[in-house]
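Presented below is the structure to which this report refers.
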Number of protein chains: 4
Amino acid sequence: MTTPVRSAPPGRPRDPRIDRAVLRAAEELVVEVGYADLSVGAIAERAGTTKPAIYRRWPGKAYLVHEAAFPDTAPGPAPDDGPLADDVRAMVSACRDVFARPVARAALPGLLAEVAGDPVLNGAVLARFRAGTWGAMHDRLTRAVATGEARPGVDPDVLIETVGGATLLALLNRPDGVLDDAWVERLTTLLLGGLLPEPG
Amino acid sequence: MTTPVRSAPPGRPRDPRIDRAVLRAAEELVVEVGYADLSVGAIAERAGTTKPAIYRRWPGKAYLVHEAAFPDTAPGPAPDDGPLADDVRAMVSACRDVFARPVARAALPGLLAEVAGDPVLNGAVLARFRAGTWGAMHDRLTRAVATGEARPGVDPDVLIETVGGATLLALLNRPDGVLDDAWVERLTTLLLGGLLPEPG
Amino acid sequence: MTTPVRSAPPGRPRDPRIDRAVLRAAEELVVEVGYADLSVGAIAERAGTTKPAIYRRWPGKAYLVHEAAFPDTAPGPAPDDGPLADDVRAMVSACRDVFARPVARAALPGLLAEVAGDPVLNGAVLARFRAGTWGAMHDRLTRAVATGEARPGVDPDVLIETVGGATLLALLNRPDGVLDDAWVERLTTLLLGGLLPEPG
Amino acid sequence: MTTPVRSAPPGRPRDPRIDRAVLRAAEELVVEVGYADLSVGAIAERAGTTKPAIYRRWPGKAYLVHEAAFPDTAPGPAPDDGPLADDVRAMVSACRDVFARPVARAALPGLLAEVAGDPVLNGAVLARFRAGTWGAMHDRLTRAVATGEARPGVDPDVLIETVGGATLLALLNRPDGVLDDAWVERLTTLLLGGLLPEPG
DNA sequence: TGATAAGCGAGACGGTACGTCCGGTCTTGAG
DNA sequence: CTCAAGACCGGACGTACCGTCTCGCTTATCA
């Protein structure tokens with residue numbers, strides 16, 4: 001009996017070296033020239049291949065860049081234990097680290113623009129983020145609310161959006177793109193304790 | 001003593017009807033086709049004028065669209081009195097209202113992408129926002145911190161970035177672009193009281 | 001020995017329908033609006049294509065129009081036999097016919113202006129004319145001089161320039177552009193008197 | 001009683017130095033850059049004045065250039081006596097001299113192109129030429145036909161067109177623009193052979 | 001082993017949109 | 001009514017780039 005394993009598709013298989021070379025070239029180039037001035041032709045040239053070879057693999061610049069800028073990575077240490085405050089601080093810091101990488105700083109704004117108009121791309125990007133730190137954090141927050149470690153009524157999604165959005169805008173506001181630990185501390189404090197002074 | 005009279009500049013004055021027609025056309029078209037598929041030529045045609053007339057007035061599509069999508073408006077009622085909680089809720093609501101307008105939803109993602117790579121445009125956009133509700137809110141928060149109405153150590157800029165960023169990402173995450181009052185309430189509560197339950 | 005086979009050039013081949021549509025559109029439009037008011041964009045629109053498709057085929061308006069106005073044609077019946085007088089008359093008449101066509105009347109003045117400043121175009125236009133009636137006539141005259149049928153010392157090039165130039169100016173001088181057979185007869189008579197050897 | 005003499009027009013009179021400076025600038029520039037690349041703005045700048053001052057004086061580039069390239073000149077010695085052969089040779093030579101001047105070589109082709117589409121300009125140019133050598137030659141030829149010095153039936157206009165056209169095309173054919181005396185002799189001989197009545 | 005099918009480099013194509021040049025006009029303020 | 005200064009409007013330009021296509025070849029699976 002033959003195995004139900006999907007057999008190889010007919011025809012010549014793709015050269016995996018091209019995949020790697022293109023992703024690497026895209027990563028380099030988006031940092032050098034920015035998302036808007038990044039052209040598929042230039043990526044092909046840098047990667048030592050041709051435009052059709054790229055378009056066979058990705059539907060367009062956005063799909064390629066989002067994979068190059070946010071490659072599938074190990075989800076990092078699950079922030080599963082310790083006090084909630086430490087976990088939130090770690091989440092803010094991780095988000096800052098991810099968004100502040102040069103390739104992310106270069107790619108994100110343009111990527112967001114394309115995501116807004118392309119539901120398919122939107123789903124791909126969200127899936128990529130959910131598979132990383134955000135997914136783990138969502139679970140952590142949900143549990144925290146259930147156990148009373150966090151104030152009841154807090155929506156994990158709102159918190160995640162808030163952390164991500166604040167980081168994004170903070171980076172856009174600072175031309176040098178530096179978000180130091182003091183900034184992390186300020187945002188964490190605000191999120192944990194709120195704006196109002198504690199009563200009593 | 002120099003005369004405060006501003007004499008008319010030399011040369012033929014601009015036709016103000018063109019300014020208005022172009023802004024109006026840009027506003028309509030960005031909603032109809034989206035920022036990426038918006039072309040200066042199409043705006044010119046819709047406005048009944050030509051591309052050079054537009055390039056004389058704005059350096060490029062982004063400068064034009066940011067003015068069309070966020071026109072100079074009356075700064076709104078100064079949120080000067082009342083409890084801080086109400087003022088923050090009003091600020092969140094106002095930010096939601098501004099960003100959720102169809103023209104803003106259509107323009108913002110593309111605009112952010114261009115802002116990230118153009119410091120001049122960045123300054124222009126920030127100035128436009130600071131002249132509106134954000135400026136007033138900044139003052140309000142600064143005073144609140146000084147009087148002890150808000151927790152000491154809170155940075156007004158961080159709060160503003162947080163509100164703006166959270167709104168932005170929330171809109172991007174929801175294809176229908178609907179942010180109801182319950183969402184406003186959830187975000188306001190988080191910002192006012194924080195994530196952690198009150199001690200004691 | 002090199003293979004005489006001409007392999008297909010690399011890349012996507014041109015769509016020959018575009019060549020035909022553009023030439024046809026140029027021919028029509030130059031008659032309708034004149035050479036000066038003829039724009040490449042208008043030709044492209046009439047032909048149902050775009051400007052780059054035209055610029056890929058011709059370096060500019062002049063090259064396109066000269067091909068549209070004077071397409072490669074069968075070289076006509078060789079004026080090889082018969083009395084020289086008849087052949088000269090036929091040549092004058094043919095020149096009149098070629099230049100008096102509406103498309104030629106519309107295109108020639110502007111074309112001459114550009115030819116004067118562009119040696120490459122100059123060569124292209126001359127080659128086109130030499131491949132037609134003028135080339136055959138040149139040979140005919142050269143032989144006539146050699147056999148004594150024409151006065152010795154006559155320069156075939158001078159005669160051809162003279163016929164062409166006289167026709168050109170005659171057309172420019174007559175707003176209706178009508179050069180009747182009487183005009184052909186007058187010019188032929190003038191030229192023949194000098195061309196034929198004097199009877200003993 | 002006031003004199004019926006037309007009094008000076010109201011308002012500030014035109015500055016005649018501007019007329020001269022503009023004509024001179026146009027003459028220089030058309031030689032330097034050619035008719036097609038000649039812009040009214042550049043003429044104004046070179047002349048030390050402005051475009052409106054030029055447009056007040058001439059309806060357009062063509063009118064200005066034709067005056068700059070072919071200024072009103074003394075009609076030259078009337079070719080009234082001497083053998084017809086000498087007069088024709090002088091006419092050919094004079095035509096060559098006029099057309100071969102650098103400014104004429106630069107201006108003529110472009111001028112012809114505009115003349116072809118503008119009856120008013122056409123009349124202006126023709127009048128300018130008729131006032132010069134061509135007018136005198138026309139009279140000379142008419143008399144010659146009447147007295148039998150020239151072959152009966154010769155049309156003076158055809159001869160003039162022939163000389164002008166042959167010269168024009170000869171210049172266009174020669175990139176260096178040199179028409180030497182041998183060329184004059186060849187053309188004259190060709191024309192005279194047909195023009196003179198056959199002896200005996 | 002040969003047929004089938006897809007990938008590959010090379011490179012040109014069709015077409016959208018760009019940003020600019022310049023011709024001709026208009027306004028202001030002075031003469 | 002002219003002048004200088006200068007900006008304005010709009011037609012047309014020639015180009016850059018995107019995404020696709022054609023070609024001749026290579027590399028694999030399947031019959």
Side-chain angles (χ1 to χ4, degrees), chain A residues 7-18 36-42 44-45 47-61, chain B residues 7-15 17-18 36-45 48-61, chain C residues 7-15 17-18 36-45 48-57 59-61, chain D residues 8-18 36-45 48-61:
Chain A
S7 78
R12 174 176 174 174
R14 286 184 183 157
D15 185 343
R17 289 170 306 182
I18 293 183
D37 291 344
L38 180 66
S39 78
V40 176
E45 192 179 2
T49 181
T50 58
K51 286 198 290 178
I54 294 183
Y55 282 108
R56 265 189 292 272
R57 291 166 167 79
W58 294 276
K61 184 169 75 165
Chain B
S7 154
R12 173 175 173 175
R14 286 191 183 145
D15 185 342
R17 290 170 307 182
I18 293 184
D37 290 343
L38 181 66
S39 76
V40 176
I43 297 173
E45 191 176 3
T49 181
T50 59
K51 284 193 293 176
I54 293 182
Y55 281 109
R56 265 189 292 276
R57 290 166 167 79
W58 295 276
K61 184 170 75 163
Chain C
S7 154
R12 174 177 175 174
R14 285 190 185 147
D15 185 342
R17 290 170 306 183
I18 293 184
D37 291 343
L38 181 66
S39 76
V40 176
I43 297 172
E45 192 177 2
T49 182
T50 59
K51 285 193 292 176
I54 294 182
Y55 281 108
R56 265 189 291 274
R57 290 166 167 78
K61 184 169 74 164
Chain D
R12 175 175 171 174
R14 285 186 184 159
D15 185 342
R17 289 170 306 180
I18 292 183
D37 291 344
L38 180 68
S39 77
V40 176
I43 297 174
E45 191 178 4
T49 181
T50 59
K51 285 198 291 179
I54 294 182
Y55 281 108
R56 265 191 293 272
R57 290 167 166 79
W58 294 276
K61 184 169 74 164

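Numbers restart at 1 for each chain; the letters A, B, ... are given by sequence-line order, proteins then strands.
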Could you give the CD1-to-C1' distance, from D:Ile54 to F:dT2, as a whole number of Å? 15 Å
Please report the shortest heavy-atom distance between A:Ala44 and A:Lys51, naming the atom on each side. CB-N, 3.7 Å
Proximity to the side chain of C:Arg57 - top-ranked nucleotide from E:dG14, F:dT27, E:dG15: E:dG14
Of the candidate nucleotides E:dA5, F:dC9, F:dA4, which contains the atom at the shortest distance from the side chain of D:Ile18? F:dA4
Any chance CZ of B:Arg14 has more than 12 other-residue heavy atoms, nucleotides or ligands included, within less than 6.0 Å? yes
Please check the phosphate of F:dG10 (OP1 and OP2 only) for any side-chain N or O of B:Thr49 closer than 4.0 Å. yes
Strictly below 4.0 Å: does B:Arg14 bring a side-chain N or O up to OP1 or OP2 of F:dC8? yes
DNA chain E: 5'-proximal contact among B:Pro10 and C:Ala53 (nearest heavy atom): C:Ala53
OG1 (D:Thr49) and CD1 (D:Ile43) are apart, to the nearest 0.5 Å, by 11.5 Å
For the residue pair C:Asp15 and C:Arg57, what are the closest heavy atoms and their distance? O-NH2, 3.2 Å
D:Leu38 and D:Lys61: which non-hydrogen atoms are nearest, and at how many Å? O-NZ, 3.1 Å
Check nucleotides 20-23 of chain E for protein N or O atoms closer than 3.5 Å to its own N or O atoms and list the pairs.
unit_1	atom_1	unit_2	atom_2	d
E:dG23	OP2	D:Val40	N	3.3

